[in-house]
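Read through the structure below, which is laid out as structure tokens, and then see the notes.
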Amino acid sequence: MSIFSLKGYSQGCPTSGYPAYYYCSDIAQFVANYPGCSRLPSTLILPYGGVSNLANFPALSQIDSISGNLICDECDLSSLVGLENLNYVGGSVTINEPHGTLVNLQGLNNLSYIGENFNLYECDDLVSTNGLDNLLYIGNRIWLHENPVLIQITGFENISHLPGEFWLDEMDALIDLSGFDSLINIGSRVRIWDNALLSSLEGFNN
């Protein structure tokens with residue numbers, strides 16, 4: 001994984017003086033300024049304000065790694081398609097209360113490394129985590145909170161060790177924990193709370 005941490009530094013990427021976060025609308029200028037750089041040096045904030053997809057931001061295709069976080073905080077997206085080249089997030093991936101009809105995570109298909117946390121909060125339309133096809137590493141925790149129709153957990157088949165916490169609460173459609181079958185070790189707390197239909201811990205067998 002150390003290869004990821006060095007990614008981009010030899011490709012004309014900024015090493016100082018960059019903002020703490022970028023909006024998607026900033027990426028075209030970033031690409032113009034650093035045409036050989038595929039590593040965003042800080043956080044990427046996904047759009048809100050009526051933008052339902054990423055088709056208007058083609059420059060995102062140059063970005064394959066983000067040193068900071070990937071954040072949808074009440075974003076209006078109905079799809080994450082447009083982020084297919086992204087394979088590395090050094091910080092956390094957080095999708096919090098999207099206002100668009102986001103039903104799955106297609107678009108994150110090549111994401112293999114999350115340095116810190118994977119967080120899904122209050123995603124009212126999210127039915128499946130389908131799209132996390134190549135996820136290999138999460139550096140801290142998984143928090144799934146108040147996703148009322150999420151019924152299919154997929155994409156975590158290669159995650160066997162979770163250094164931090166595992167939280168699953170207010171997931172009203174889940175009936176078991178299928179999708180986490182590969183988990184062997186969780187380094188911190190496990191919280192499974194207030195899941196209306198959860199009738200089995202099948203999926204935590206290992």
Side-chain angles (χ1 to χ4, degrees), residues 4 7-8 11-14 18-138 142-145 147 149-150 152-156:
F4 282 114
K7 187 176 180 62
Q11 299 176 339
C13 295
Y18 50 80
Y21 54 85
Y22 293 84
Y23 295 105
C24 288
S25 56
D26 299 324
I27 302 302
Q29 188 61 55
F30 177 84
V31 167
N33 292 340
Y34 306 100
C37 180
S38 60
R39 176 189 56 84
L40 199 68
S42 58
T43 287
L44 178 64
I45 297 178
L46 297 178
Y48 49 90
V51 179
S52 62
N53 63 70
L54 297 173
N56 292 329
F57 310 105
L60 285 171
S61 64
Q62 181 167 307
I63 304 301
D64 65 16
S65 55
I66 297 172
S67 294
N69 306 309
L70 176 65
I71 297 176
C72 159
D73 187 9
E74 300 190 35
C75 67
D76 286 343
L77 292 180
S78 295
S79 172
L80 299 178
V81 171
L83 297 172
E84 290 89 345
N85 289 332
L86 187 65
N87 57 55
Y88 172 98
V89 174
S92 299
V93 172
T94 298
I95 301 176
N96 175 39
E97 201 177 347
H99 292 170
T101 54
L102 190 67
V103 297
N104 60 46
L105 300 181
Q106 288 291 327
L108 298 181
N109 305 75
N110 287 310
L111 182 62
S112 60
Y113 182 101
I114 299 173
E116 295 182 12
N117 309 314
F118 179 80
N119 305 312
L120 288 179
Y121 305 140
E122 299 182 47
C123 301
D124 289 344
D125 298 292
L126 194 71
V127 176
S128 171
T129 57
N130 180 264
L132 298 175
D133 302 334
N134 288 292
L135 191 58
L136 299 175
Y137 179 83
I138 297 174
I142 294 173
W143 274 21
L144 305 179
H145 169 72
N147 303 292
V149 297
L150 182 58
Q152 182 187 37
I153 302 291
T154 184
F156 299 94

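Count residues from 1 along the sequence.
Summarising the geometry, atom CD1 belonging to I114 is positioned 5.0 Å from atom CG belonging to L111; distances are rounded to the nearest 0.5 Å. Between atom CG of residue L105 and atom CG of residue L132 there is a gap of 5.0 Å, rounded to the nearest 0.5 Å. Atoms CG and CD, from L54 and E84 in turn, are 8.5 Å apart once rounded to the nearest 0.5 Å. Here L102 contributes atom CG and C75 contributes atom SG; the two are 7.0 Å apart, rounded to the nearest 0.5 Å. Annotation: the span from L44 atom CG to F30 atom CZ amounts to 10.5 Å, rounded to 0.5 Å. With rounding to the nearest 0.5 Å, the separation of CG in N104 from CG in L108 is 9.5 Å.
Side chain of S65 to backbone of Y88: no donor-acceptor contact under 3.5 angstrom is found. No donor-acceptor distance shorter than 3.5 angstrom exists from the side chain of S92 to the backbone of T94, with no hydrogens or angles considered. Checked by atom type and distance alone, the side chain of Q106 never pairs as donor or acceptor with a backbone atom of L80 at under 3.5 Å. Although no hydrogens or angles enter the test, the distance criterion places a donor-acceptor pair under 3.5 Å between the side chain of N147 and the main chain of C123. Judged by distance alone, the side chain of D76 and the main-chain N or O of G49 form a donor-acceptor pair under 3.5 Å. The main-chain N or O of V93 is never found under 3.5 Å from a side-chain atom of E116 such that the two would form a donor-acceptor pair. At least one donor-acceptor pair under 3.5 Å links the side chain of N53 to the backbone N or O of A55.
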Begin from the C-alpha positions of T154 and S128 and carry the test side chain to side chain contact (heavy atoms under 4.5 Å, CB included) through to its verdict. CA-CA 7 Å; T154 184; S128 171; 4.0 Å; yes
Evaluation steps, side chain to side chain contact (heavy atoms under 4.5 Å, CB included), between L46 and L70: CA-CA 8 Å; L46 297 178; L70 176 65; 4.0 Å; yes
Before you tell me yes or no, could you show the steps for N110 and L86 under side chain to side chain contact (heavy atoms under 4.5 Å, CB included), namely the whole-Å CA-CA distance, both residues' side-chain angles and the distance that decides it to 0.1 Å? CA-CA 6 Å; N110 287 310; L86 187 65; over 6 Å; no
Can you list the steps and then say if N87 with N134 is a side chain to side chain contact (heavy atoms under 4.5 Å, CB included)? CA-CA 9 Å; N87 57 55; N134 288 292; over 6 Å; no
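More than 12 non-hydrogen atoms from other residues, nucleotides or ligands lie less than 6.0 angstrom from OH of Y121.
The only option from I66, D26, L60 that meets the side chain to side chain contact (heavy atoms under 4.5 Å, CB included) definition with L40 turns out to be I66.
In this model, no donor atom of one side chain and acceptor atom of the other lie less than 3.5 Å apart for S52 and S78. Checked by atom type, the side-chain pair S38/D64 shows a donor-acceptor distance below 3.5 Å.
Considering all non-hydrogen atoms of both residues, C24 and P47 come closest at SG-CD, 3.6 Å.
In this structure, N33 and P14 have side chains that are not in contact, with every pair of non-hydrogen atoms separated by 4.5 Å or more. With contacts defined as side-chain heavy-atom distances shorter than 4.5 Å, the pair Y34/C13 does not qualify. At a threshold of 4.5 Å between non-hydrogen side-chain atoms, the residues P41 and Y22 count as touching. For the pair T129 and L120, the minimum side-chain heavy-atom distance is below 4.5 Å.
Checked against a 6.0 Å centroid threshold, the rings of F156 and F118 count as neighbours.
A parallel orientation is assigned to the rings of Y137 and Y113, their planes being inclined by less than 30° (bins at 30° and 60°).
The side chain to side chain contact (heavy atoms under 4.5 Å, CB included) search around Y21 returns Y23, T43, I45, not counting sequence neighbours.
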